[in-house]
Amino acid sequence: MNGVIWSKTQKTFVPISSVPMFAMIQQERLKQSRALEIHNFQLQNLTVTSFQESHFFEFYDNDTKVTGLCGQLWILLSEKLNFTLQAVKSNEISVGVVRNQNDLHIAGLLGTLLRNETIAIPKVEMHDVRLAATDFTIPLWMNSQRSYIRHEVIHDSTWMAEVFSWKIWCFILVMHLLISVCSFWSQTVHLRIKNNCRRSTFSDHIFYNFGMICNQNQIPNILNGRSRIIELSLGLFCSILYMSYGALLFVYIAKRINIIAPFYDLTSLLTNTEYKIVSLEGSTADLANADISIRVRTAECPRRLIIVPTVEKMFELACMKDNGKYTIFQGEDDYKVRSQIGCHMIPVGKSYYRIWVASGIVKNFKYKRTIDLG
């Protein structure tokens, strides 16, 4: 009870709460409000309805008990607020979509709330269009919406040549030819006085020096007579080359194990690729007012957005190799518990947007504030 009132005695405006009569009324209203906030359910049954959702709300013991992140949360709430948790496994396969405010035949878990068949559903993304069917509790966590594609391993047949830059390869070639010229010249000078000795050709020096560079260091007798300084220089050059190649090869392999993304955001996905977006019925991408849904539905190429009823069907399309390319659009929390269905999926690009996740409470539930404070 906020506001001011004119005081005849003080000849000025004073807060209404300073008047004893209004102060009593205000205290009574605060008392009633507080009673709703700290309500003791006295083991009253509260029904929470959901489908089987791995790691979030899992049923066991003939579907009479629950576990998982949201399951444990509601178990703790029941102990804190002294109510009996009655978990009901639903035959629905999605949360449901509210297309308009007058839609009274909503499928999914939102439909059970709208028909007052349950008190709460454990996990729902907080879209404003869903306020027609449910009230949200205090948010539980923030969820990012991203795209995921099937992980493909592409082998690079040119990896050996890419360890060194082309300038280094040219330097190695020049050094190889220079050492071969020097070794051929030193052997020619050394054996000039020995006319009966077999002389090697320049191609022999190139061939066997290349073998030294390749760590095949067996020097034939035909190359005897070369300068010891040339031999030492060649050995030192080869040792430095082995160490450099080995070190850079390790760094190269470590850096090459990465993902070359076919797209980075929604614009590049629609304009530069032929990927089709697959999403679950009742998810963020299926909502009519979502930005991604509008942009995909109005794209130049039709049928870029495919809505499927089950998670298994969504991953079945994404894991196919021969019938086009598909990317899954889903929340990071779902990806972390479902990424190994059918094939290995990896995130691509940045997240499109973030949205809060909460529990859904039936509309006009008298003790919703008690649940929030709990």
Side-chain angles (χ1 to χ4, degrees), residues 48-58 66-77 80 94-98 108-110 113 119-149 259 261 263-267 269 277-296 305 307 311 314-315 318 327-341 345-363 365 368-374:
V48 178
T49 303
S50 178
F51 45 79
Q52 181 83 3
E53 193 167 8
S54 176
H55 296 279
F56 291 110
F57 207 82
E58 297 182 277
V66 293
T67 186
L69 178 61
C70 296
Q72 293 295 329
L73 171 66
W74 278 92
I75 290 174
L76 291 175
L77 275 176
K80 176 69 176 179
S94 67
V95 175
V97 180
V98 181
L109 297 179
L110 291 177
L113 279 176
I119 299 297
I121 56 178
K123 177 176 173 282
V124 60
E125 292 177 338
M126 298 176 65
H127 296 284
D128 55 354
V129 293
R130 287 174 172 164
L131 288 172
T134 181
D135 289 327
F136 301 120
T137 64
I138 286 178
L140 304 179
W141 67 83
M142 179 74 78
N143 192 23
S144 297
Q145 304 292 323
R146 302 189 64 176
S147 294
Y148 302 87
I149 62 173
I259 305 302
F263 56 88
Y264 298 94
D265 51 21
L266 185 60
T267 302
L269 186 152
I277 301 174
V278 183
S279 190
L280 191 63
E281 183 179 357
S283 64
T284 298
D286 191 25
L287 296 179
N289 67 335
D291 177 65
I292 182 174
S293 178
I294 296 175
R295 292 182 63 184
V296 173
L305 179 63
I307 303 299
V311 175
M314 183 170 63
F315 277 87
T327 175
I328 289 178
F329 185 82
Q330 65 175 166
E332 281 190 321
D333 54 359
D334 288 330
Y335 164 75
K336 290 176 180 178
V337 301
R338 295 173 176 170
S339 60
Q340 300 300 326
I341 297 180
M345 307 294 293
I346 56 174
V348 177
K350 60 183 180 180
S351 62
Y352 292 96
Y353 49 83
R354 305 174 70 190
I355 190 168
W356 286 105
V357 176
S359 292
I361 301 292
V362 67
K363 297 288 290 184
F365 183 58
K368 175 185 178 298
R369 183 62 176 165
T370 306
I371 300 294
D372 285 338
L373 292 179

Cys70 SG to Leu140 CG distance, which is reported to the nearest 0.5 Å: 6.0 Å
Please confirm whether the ring centroid of Phe51 lies under 6.0 Å from the ring centroid of Phe57. no
pair Leu69-His55: side-chain heavy atoms closer than 4.5 Å: no
For a quick test of reading the model, state the closest non-hydrogen atom pair linking Ser359 to Pro122 and the distance between them. OG-O, 2.7 Å
Please name the pair of heavy atoms, one in Leu113 and one in Ile119, separated by the smallest distance, quoted to 0.1 Å. CD2-O, 3.6 Å
Look at the aromatic rings of Tyr148 and Tyr335 and report parallel, tilted or perpendicular, splitting at 30° and 60°. parallel
As a quick check of understanding, evaluate side-chain hydrogen bond (donor to acceptor under 3.5 Å, both in side chains) for Ser279 and Gln330, giving each step before the final call. CA-CA 7 Å; Ser279 190; Gln330 65 175 166; over 6 Å; no
Looking at Asp334 and Lys123, does any basic side-chain N land under 4.0 Å from a carboxylate oxygen? yes
How long is the gap from OG1 on Thr327 to CD1 on Ile277, to the nearest 0.5 Å? 6.5 Å
By side-chain hydrogen bond (donor to acceptor under 3.5 Å, both in side chains), which residues pair with Glu332, not counting sequence neighbours? Arg146
Any chance you could measure Thr134, atom OG1, to Phe365, atom CZ, to the nearest 0.5 Å? 11.5 Å
All salt bridge (charged side-chain N to carboxylate O under 4.0 Å, His left out) counterparts of Lys80, not counting sequence neighbours: none
From Asn143 CG over to Ile355 CD1, what is the distance, rounded to the nearest 0.5 angstrom? 8.5 Å
In terms of heavy-atom contacts, Met126 and Ala358 come closest through SD-CB, 3.6 Å
Taking C-beta and beyond as the side chain, do Ser50 and Ile121 meet within less than 4.5 Å on heavy atoms? no
What one should report as the nearest heavy-atom pair of Leu280 and Met314 is N-SD, 3.8 Å
Output all residues satisfying ring pair (Phe, Tyr, Trp, His ring centres under 6.0 Å) with Phe56, sequence neighbours left out; order by chain, then residue number. Trp141
